[in-house]
Structure formats: C-alpha cells, structure tokens
Amino acid sequence: MIINLEHAVQDAEVDEFEVVHFSNYLKWYSNALKEFLAAHSTPPGFFGDGVEIRVARVKASYSNSALRGDTVTTSITRAENLGRSLRLNFKAESRGKLLARAELNLVFVQREPYRLLPVPQAIADRIDLGRAA
C-alpha cells in the first residue's frame, strides 16, 4: 500500500437506513490523495508557481456498504506515471470486506501560459523507485 487512512463513519455520512452515502467514498479518497501529495511535495500539494492539480477522470465501483459505527480503511494501492497524467488506484475496506474501488487520473497544468505538464519529477522518481524495488 502507498497510503492507508482509517476513518470512523460519522452520523452525517449515513442515511436513514444506517448506510453510508456513496459520495462519502470520494471524500475519503480525496483525503488519501492529500496525504499522497503531501508526501511528494513541500509544502504539501505545491509543485511550482502557477502549477495546478486537476482531476481529469474518476471511475468508481461499489461492492458493499459501510454502515454507521464502521471504521473504513481507505488506501491508495497503486500509482502509475502515464507521462502527462498520474493514475491512482484506491480501495475502501471495512469489516474484512472490500467496499469500493476507484481509479483517478490527475493532470498537472501551468496556469499561464496554460499548458499540460508532465507528472512532476518528485512523484515520477518515487513511483519509478517503487516499481524497481
């Protein structure tokens, strides 16, 4: 695993049936993404003046439901440098069950002049080292 975060399900995250609403998984994935970016940049999420991080695509699937009182582990299981984008694979688990998976593609853009940038070297180097190990 690249990142593992635990989260106790909050009352506001469940519906009247005690089931977590699907949108909360995206929030949990976002928290894992923040941890990932913080581990690869200083200050966290900074990759240069005028460089912005954008989500280009999210693909998610759900297998089981988290319930009120559960503790959910959200993980980034894989990071892949695609040159002009970064693909991250996520999963959420609780009670020994897979709850959901997601694939997220990030791009890095220069604001002015607007242009797509390659995956920052700080991330690319660490991903390549992890693959070589």
Side-chain angles (χ1 to χ4, degrees):
M1 298 302 148
I2 297 171
I3 296 286
N4 267 327
L5 297 179
E6 286 194 356
H7 173 79
V9 172
Q10 306 297 306
D11 289 343
E13 296 170 328
V14 299
D15 60 20
E16 61 272 13
F17 304 107
E18 309 284 312
V19 174
V20 170
H21 189 270
F22 73 90
S23 64
N24 290 292
Y25 294 89
L26 297 176
K27 292 176 191 173
W28 301 335
Y29 297 149
S30 180
N31 290 337
L33 174 60
K34 287 176 192 174
E35 290 287 327
F36 176 85
L37 294 173
H40 292 85
S41 60
T42 304
F46 181 79
F47 293 99
D49 289 329
V51 176
E52 297 176 352
I53 303 164
R54 305 250 172 94
V55 174
R57 183 178 70 153
V58 176
K59 186 168 57 172
S61 62
Y62 302 89
S63 306
N64 290 291
S65 297
L67 307 172
R68 181 186 311 274
D70 282 350
T71 297
V72 175
T73 301
T74 304
S75 306
I76 297 178
T77 59
R78 183 173 181 206
E80 186 177 0
N81 179 0
L82 302 176
R84 294 280 182 190
S85 68
L86 178 66
R87 180 184 301 149
L88 298 171
N89 294 99
F90 295 81
K91 72 177 178 178
E93 299 174 298
S94 182
R95 296 173 277 116
K97 292 182 184 177
L98 176 66
L99 303 175
R101 290 185 183 275
E103 180 182 287
L104 182 131
N105 284 66
L106 292 179
V107 293
F108 300 82
V109 296
Q110 182 75 44
R111 256 186 305 205
E112 288 189 32
Y114 185 86
R115 65 187 175 102
L116 191 60
L117 299 172
V119 171
Q121 204 61 47
I123 294 175
D125 288 346
R126 290 180 77 182
I127 290 171
D128 292 341
L129 281 174
R131 207 176 312 173

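Heads up: numbering here begins at 1 and tracks the sequence.
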Minimum heavy-atom distance P118-F108, with the two atoms named: O-CB, 4.4 Å
Using the rule given for side-chain contact (heavy atoms from CB on, under 4.5 Å), can you reason through V72 versus L99, listing the C-alpha separation, both sets of side-chain angles and the distance that settles it, and then say yes or no? CA-CA 9 Å; V72 175; L99 303 175; 4.0 Å; yes
Any chance CZ of R78 has more than 12 other-residue heavy atoms, nucleotides or ligands included, within less than 6.0 Å? no
For residues 46-57, the salt bridge (Lys or Arg N to Asp or Glu O under 4.0 Å) pairs (sequence neighbours left out) are E52-R54, E52-R111, R57-E103
Given L82 and E80, is the side-chain contact (heavy atoms from CB on, under 4.5 Å) satisfied, shown in steps? CA-CA 6 Å; L82 302 176; E80 186 177 0; 3.7 Å; yes
Take atom CD of E112 as the centre, draw a 6.0 Å sphere, and report whether it contains more than 12 heavy atoms from other residues, nucleotides or ligands. no
On a heavy-atom basis, which atom in N64 and which in L98 lie closest, and how many Å separate them? ND2-O, 2.8 Å
Looking at I127 and A79, what are the two nearest heavy atoms and their distance? CG2-O, 3.5 Å
For the backbone of E13 and the side chain of N24, can you confirm whether one donor and one acceptor N or O come within less than 3.5 Å of each other? yes
Taking every non-hydrogen atom, the tightest pair across A124 and V119: N-CG1, 4.2 Å
Partner set under salt bridge (charged side-chain N to carboxylate O under 4.0 Å, His left out) for D11, not counting sequence neighbours: R68
Test ring pair (Phe, Tyr, Trp, His ring centres under 6.0 Å) applied to Y25 - qualifying residues, sequence neighbours left out: W28, Y62
